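Keep in mind that what you see is a predicted model, and the values were worked out from it rather than measured.
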Amino acid sequence: MSDADGRRSKAAHIRRLLETEGDAVEENTIGFNQGRYESVADLEDYEELKSEARAIKEDAIERLPELIDELTATVEDNGGTVYLADDAADANRYIRAVASEREADRLVKSKSMTTEELEVNEALEADGVDVVETDLGEWVLQVADEAPSHIVAPAIHRSEADIARLFNERFDPEEPLETAEELTAFARERLGGLIREADVGMTGANFITADSGTIALVTSEGNARKSAVVPDTHVAVAGVEKIVPSVEDLAPFIELIGRSGTGQDITSYISLLTPPVESPVVDVDEPDVAFADRDDDREFHLVLIDNGRMAMREDDQLRETLYCIRCSACANSCANFQSVGGHAFGGETYSGGIATGWEAGVHGYDSAAEFNDLCTGCSRCVNQCPVEIDIPWINTVVRDRLNRGGDEGQFEFLVEGLTPDEEPGGIDLQKRLFGNYETLAKLGSATAPVSNWIAAAGPARTVLERVAGVDSRRELPEFERETLRDWYESRGPRVDAADADREVVLYPDTYTNHVDVDRGKAAVRVLEALDVRVRIPEVPESGRAPLSQGMIDTADERASQVYAALAEHVDAGRDVVVIEPSDLAMFRREYEKLLPEASFERLREGSYEVLEYVYGLLENGADADALGGADAEVAYHSHCQQRTLGLEPYTTTVLETAGYDVLESDVECCGMAGSFGYKREYYELSIDVGDRLREQFTVPEARDRIVAASGTSCEDQLGSLLERDAVHPVELLDPRQRIDR
């Protein structure tokens, strides 16, 4: 399949999911995400709990071999059996043998993503065992013969009406089922009977403690307990990463997992089972026999799964994946997932942001490749993860490895000489084009306005769409002949060094320098109005563009070049002021992976977002009346990475100080996400995500306001969605806008 055909196929798949599953996924995931915000707000020690949970997982994975040995000895001393399975086939052989020895006709299961990973159901059914999912969502999917769309809520893509139609068609009840209460009651009665008649029960495990062999099950339904204790044989299946050292270590996870996943302060059921194989079996046929008088033959089997995990443990870049507690916070907080769910944003088993690490580790890179590009690196999941996993970095690493597995591109000659990167020749042309945006911008400015005419012409757009997948429905940025640096060099500083309160380096990001020069000029004038002397040196692109395409070597080279260009200014005590939030995020977050620790810390501590910096100046006595402003209404949207860094309040406060009435969007992503919204296969998804923002900014309270956005992508997307220009907030503070206040 050609690249163009592949893009058309992916676009069609996404379009179908948007139409058939999108509404249900959006309603449920956004509800979960809002619930998480409200629930964690009640935890005074939320950040401390996250750090504690992270430390426990780091320690457990570091000591994993010895914890496996300790757990094995503990369970066996308790009378159970532990089997360490190398892979899915090995695990299934053992589980099938247990079922065969028990002459099992029926096995009932509680919800378990690990058994989904192993395809346990199919293995047992091939032996004639009737496998019944007892979790309501999993049972719905079993009846529908569908795969889960979500780690925690597997049937999240199905509405109440969908499930009612499914049950009515499949089971033909005496009275049609309609409401959630009727559906739940029907499932409870039917599944209850199946559980009572089961020969083997199977559960997963959220956590297992090495010291006591205790299995922690965190659920919203009571079926897990029934599956574990009603049959006389209990098989627990868990990845080796689920082991923690002690029962005491469970405390922070119990506090965090429900809040992070579904917004519940605590889930309905927290079951701590330390399986003693001599405990009595529930026997509904002999209800009058006391437990003390029973002599039951109960078995317990713990099947621990490697299936690539120990190799992940040795991989410095994928290792963090093993800290995951499967809460789904990354999925619920992801704008793309909110639109399409796990049937697009997921692989063979796992879905959401963390799925890339899991799929690469347990199923291989081909599975991860199917959805990896749906992670835009926006970083909104970073603060939501209860164990502080840098999920975007894992996605970037996998993207980089996928890039290195490609063949020589068919149209490589078209970009030869325009791509001064450090990547192998076979990288996808689309990624190479967007990853070298700085080179295109330099060429575009040098040849403007001719470059803009050519790029906008029909034949050029057709070629760009066919060859590089740049969607022709998107307006391309128009390059300015005079760059921001050109303008500043000819103009010069307007604040003398002797009169300046501070001196800054205004970082000339690619977009500001070559496209939206006006926002750069406004930033210069705002800073100078507050008695700051400004410099705009020649500094390379931050590496954000190549990093977003998984071009880590190129991003690493750019980071070194940027630091070399800025180090002398940092040494001289000059602050680095950044207009584009994604570039500041590079300096404050991603450079930790790309620069020596000391260099990273120096640049992080000396860099500021422009409105954050203005806020600091005003707080330290600068004259707010020197700024522009108006008695006007603004609809403001904060950039994703600006929110991750916790910077959006500075912009709102400064605009209000300047006299503006600010309505801030609570939609977390505009859907553009840098180059993502330009890509042919993701255009419809980008617009669908953006529609949430469009709806908020077209209600009566907002539709006549000035539209402001802090990020390049956000400005472009809002301009398309609202059919009117959006401006950067610093432009609203330009002294040329000043009126009497």
Side-chain angles (χ1 to χ4, degrees), residues 411 413-420 429-430 432-492 506-525 536-542 544-545 579-580 582-583 672 674-680 683 707-709 711-728 730-731 734 736-737:
F411 299 98
F413 67 92
L414 290 176
V415 292
E416 188 173 354
L418 296 178
T419 56
L429 177 62
Q430 185 187 74
R432 176 152 269 160
L433 185 72
F434 285 118
N436 287 279
Y437 181 66
E438 181 184 35
T439 302
L440 294 175
K442 287 179 178 178
L443 179 63
S445 286
T447 58
V450 174
S451 59
N452 296 323
W453 296 338
I454 293 173
R461 295 310 308 268
T462 299
V463 170
L464 275 174
E465 182 165 281
R466 175 172 173 265
V467 175
V470 180
D471 199 287
S472 59
R473 289 167 288 187
R474 285 288 188 193
E475 290 186 16
L476 297 177
E478 293 192 0
F479 300 110
E480 296 287 342
R481 184 60 175 259
E482 182 183 54
T483 68
L484 177 63
R485 288 196 70 254
D486 292 339
W487 170 80
Y488 191 76
E489 284 186 4
S490 63
R491 169 190 181 271
L506 184 65
Y507 174 70
D509 67 86
T510 301
Y511 195 85
T512 302
N513 196 32
H514 294 279
V515 179
D516 194 356
V517 177
D518 285 344
R519 73 178 184 178
K521 294 177 180 179
V524 170
R525 289 191 286 261
I536 307 182
E538 186 169 357
V539 187
E541 187 266 336
S542 70
R544 169 60 65 189
I579 296 173
E580 178 59 41
S582 60
D583 289 303
M672 190 68 178
S675 62
F676 182 82
Y678 286 102
K679 296 180 178 180
R680 174 67 187 88
Y683 174 80
V707 179
T712 297
S713 305
C714 313
E715 288 186 56
D716 288 349
Q717 180 79 315
L718 281 165
S720 298
L721 294 170
L722 302 177
E723 298 183 350
R724 67 181 196 269
D725 289 340
V727 299
H728 191 283
V730 77
E731 296 179 74
D734 190 333
R736 292 189 174 187
Q737 305 279 352

query: Among V524, T483, N513, which one satisfies side chain to side chain contact (heavy atoms under 4.5 Å, CB included) with I536?
result: V524
query: Using a distance-only test with no angle check, is there a side-chain donor-acceptor pair under 3.5 angstrom linking T510 and E438?
result: no
field: Inter-residue atom distance L440.CG - L476.CG, 0.5 Å rounding
entry: 10.5 Å
- prompt: Rounded to the nearest 0.5 Å, how far does OG of S675 lie from CZ of R544?
  reply: 11.0 Å
- prompt: Taking only residues at least two apart or on different chains, which pairs with a member in residues 477-486 satisfy salt bridge (Lys or Arg N to Asp or Glu O under 4.0 Å)?
  reply: R485-E489
task: Quick one: pull up OG1 in T712 and NE2 in H728 and give me the separation to the nearest 0.5 Å.
output: 8.0 Å
Straight-line distance of Y507 OH to S542 OG, nearest 0.5 Å: 4.5 Å
field: Least distance between heavy atoms, A709 atom then L718 atom
entry: CB-CD1, 3.8 Å
Using a 3.5 Å cut-off and no angle test, enumerate the donor-acceptor pairs between side-chain atoms of residues 448-458 and protein atoms at least two apart in sequence or in another chain.
unit_1 : atom_1 : unit_2 : atom_2 : d
S451   : OG     : G444   : O      : 2.8
N452   : OD1    : F479   : N      : 2.9
N452   : ND2    : F479   : O      : 3.0

- request: State, with a plain yes or no, whether a side-chain heavy atom of L433 is found less than 4.5 Å away from one of L464.
  value: yes
message: Taking D471 first and then R473, would you say they form a salt bridge - that is, a charged N and a carboxylate O separated by under 4.0 Å?
response: yes
- request: Check each of D716, D516, D583 against Y511 using the side-chain hydrogen bond (donor to acceptor under 3.5 Å, both in side chains) test, and report the only one that passes.
  value: D716
query: Looking at L506 and A523, what are the two nearest heavy atoms and their distance?
result: CD2-CB, 4.1 Å
- line: dist R461:CZ -> E475:CD (nearest 0.5 Å) comes out at 9.0 Å
message: For a salt bridge (Lys or Arg N to Asp or Glu O under 4.0 Å) check, start with the C-alpha distance between E541 and K442, then their side-chain angles and the critical distance, and finish with the verdict.
response: CA-CA 11 Å; E541 187 266 336; K442 287 179 178 178; over 6 Å; no
For A522 against V730, the heavy-atom pair lying closest together: CB-O, 4.0 Å
- request: Check whether any side-chain heavy atom of Y488 lies under 4.5 Å from a side-chain heavy atom of P508, and answer yes or no.
  value: no
message: Minimum heavy-atom separation for R474 and S720, please, with both atom names.
response: NH1-OG, 3.8 Å
task: Please determine if R519 and E715 form a salt bridge, counting it only when a charged side-chain N lies under 4.0 Å from a carboxylate O.
output: yes
task: Not counting sequence neighbours, which residues clear side chain to side chain contact (heavy atoms under 4.5 Å, CB included) with T462? List them please.
output: none
